[in-house]
Amino acid sequence: MKILVTGGAGFIGSNFVHYVIDHTPHEVTVLDKLTYAGNLASLEGLPAHRFRFVKGDIQDAALVDELFGAHDAAVHYAAESHNDNSLENPRPFLDTNIIGTYTLLEAARKHDMRFHHISTDEVYGDLELDDPAKFTETTAYNPSSPYSSTKASSDLLVRAWVRSFGVKATISNCSNNYGPYQHVEKFIPRQITNVLRGERPKLYGTGENVRDWIHANDHSSAVLTILDKGAIGETYLIGADGERNNRDVVELILTQLGQPSDAYDHVVDRLGHDLRYAIDSTRLRTELGWKPTFSDFEAGLADTIAWYRDNEAWWAPQKDLTEARYAAQGQ
Ligand code: NAD
Ligand code: DAU
């Protein structure tokens, strides 16, 4: 199979590309605009006879049409992905996440192409800290931020193109990913690289907010499972029962790096900051037989810390710019 992966130079997309090359005989083409978040260094070492990179925008209908005509399936990761950026300047989120997805769906319709849409648990809004409930495939959409509302919009477009035009699409909504190659703007890499540079971690607000962490490799194995066995038109939630509050994660990072566990600062809270995400992935596990392999978050975090320690050349070019943007917002 020839798979087109949009956003394959980003954190999760590049993980999926490596995962597919390592675990299947498929060929992969990446379509990526190389925004500030895309990094070709994340795609090094792939075999030239099974991998190709195309620089381009998913809103470029002519380019998308040409690429869809030459592939068997598309897996759509490309997005503006960072909540804080969406609060500062929402427009690129509307362009890429909504118009970009629309552009791909029109090509999928024309070429009758298998299409898998990567989305987020944030489309469901948030849960109370003491709520025993978790998100399921039938939870009502209730996004909070410009980012999550554009992802919700893109999900609804996919559903409409399935129902109205018979596009052969599936959707997955995953919780927070961690692992190597994540941009230093995101929570875990920001705190790890702060400590490695002798800076204190920065916790938004009280730090009681809960995220449901999953290793990026487990996200990739789930997406491949859905591409292979998922029922057309259906949605699958991806999660690995990894709920932790942000304060605990920061304390764990500090401890693993040999620092006092209270050596962090509280900074200005995120506007509209979602309190808690939690995924019930029963459907994916029971209907498609998927299960995560990274069940030990502390071990996965230790591996991730070791990767950032050993790969400063990958993240250092982005670090100063990212911190300058945060400093301007008091974060
Ligand atoms: P990322 O920001 O690391 O990477 C996004 C990639 O998309 C970059 O390589 C960028 O260059 C590319 N891109 C952006 N705009 C583009 C455009 N117009 N045309 C072509 N390429 C473009 O993001 P990520 O964290 O890897 O997230 C990937 C996808 O997974 C997103 O759709 C996101 O909503 C979803 N997701 C992320 C998480 C998470 O924890 N990071 C969890 C669930 C779902
Ligand atoms: O839930 C899935 C989503 O997870 C994805 O859809 C998004 O693309 C991805 O960015 C992520 O969104 P979050 O907003 O949850 O991730 P972020 O890494 O930005 O923040 C995680 C938590 O940490 C959140 O509660 C905010 C907090 N935070 C973040 C930063 C950058 C801090 O306390 N300090 C920080 O410096």
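Owing to the predicted nature of the structure, the values given are computational and were not obtained by experimental measurement. Counting convention: from 1, in listed order, for ligands and their atoms alike.
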Next item on the list: Over 60° means perpendicular and under 30° means parallel, so classify the ring planes of Y19 and H23, tilted if in between.
Entry: parallel
Next item on the list: Determine the interplanar angle of the F115 and H117 rings, folded into 0 to 90°, and report it as parallel if under 30°, tilted if 30 to 60°, perpendicular if over 60°.
Entry: parallel
Note to self: On the six-membered ring of Y326, is R190 placed so that its NZ or CZ lies under 6.0 angstrom from the centre and within 45° of the ring axis?
What the structure shows: yes
Notebook entry, point to check: Does R270 make a cation-pi contact with Y204, if we ask for NZ or CZ under 6.0 Å from the ring centre and within 45° of the axis?
Noted result: no
Notebook entry, point to check: Counting from 1, what ligand 1 atoms have a heavy atom of G38 closer than 4.0 Å?
Noted result: 8 (C), 9 (O), 11 (O)
Check: Strictly under 6.0 Å, is that where the ring centroids of Y124 and F135 end up?
Finding: yes
Check: By number and element, which atoms of ligand 1 are closer than 4.0 Å to a non-hydrogen atom of G56?
Finding: 19 (N), 20 (C)
Margin query: Which of the numbered atoms in ligand 1 are under 4.0 angstrom from any heavy atom belonging to T35?
Written below: 10 (C), 11 (O), 14 (C), 15 (N)
Note to self: Give the residues near ligand 2 by chain and number, with the criterion being a heavy-atom distance under 4.0 Å.
What the structure shows: S81, H82, N83, T120, D121, E122, Y147, C174, S175, N176, E185, K186, F187, R190, Q191, K202, L203, Y204, N209, R211, N246, R270, H273, Y277, Y326
Next item on the list: State the atoms of ligand 1, each with its element, that fall below the 4.0 Å cut-off from a heavy-atom position in D57.
Entry: 17 (C), 18 (N), 19 (N)
Check: Does the ring of Y277 carry R211 above it, NZ/CZ under 6.0 angstrom from centre and within 45° of its axis?
Finding: yes
Check: What atoms of ligand 1 come within less than 4.0 Å of a heavy atom belonging to N177?
Finding: 39 (C), 40 (O), 42 (C)
Notebook entry, point to check: Side chain or backbone of K151 under 4.0 Å from ligand 1, or both, or neither, by non-hydrogen atoms?
Noted result: side chain
Next item on the list: Distance to 0.1 Å, residue and atom name: give those for the protein heavy atom nearest to atom 41 (N) of ligand 1.
Entry: I12 CD1, 3.5 Å
Item checked: Top protein contact for atom 15 (N) of ligand 1, by heavy-atom distance -> T96 CG2, 3.5 Å
Item checked: Donor-acceptor pair between K151 and S119 side chains, under 3.5 angstrom -> no
Note to self: Among all the protein's non-hydrogen atoms, which is closest to atom 1 (P) of ligand 1, and how far away is it?
What the structure shows: S81 OG, 3.5 Å
Item checked: Closest protein heavy atom to atom 11 (O) of ligand 1, given as residue, atom name and distance to 0.1 Å -> D32 OD1, 2.6 Å
Margin query: Tell me the contacting part of S175 for ligand 1: side chain, backbone, both, or neither, using a 4.0 Å heavy-atom threshold, strictly below.
Written below: backbone
Margin query: Quick test: of every protein heavy atom, which one is nearest to atom 30 (O) of ligand 1, and how far off is it to 0.1 Å?
Written below: I118 CG2, 3.4 Å
Next item on the list: Name the closest protein heavy atom to atom 44 (C) of ligand 1, giving the residue it belongs to and the distance to 0.1 Å.
Entry: S119 O, 3.1 Å
Check: Pick from W307, Y308, F11: which one makes a ring pair (Phe, Tyr, Trp, His ring centres under 6.0 Å) with Y181?
Finding: W307
Notebook entry, point to check: Which residue and non-hydrogen atom of the protein lie closest to atom 33 (C) of ligand 1, and at what distance in Å?
Noted result: Y147 OH, 3.5 Å
Check: Nearest to atom 4 (O) of ligand 1, what protein heavy atom do you find, and at what distance?
Finding: G10 CA, 3.4 Å
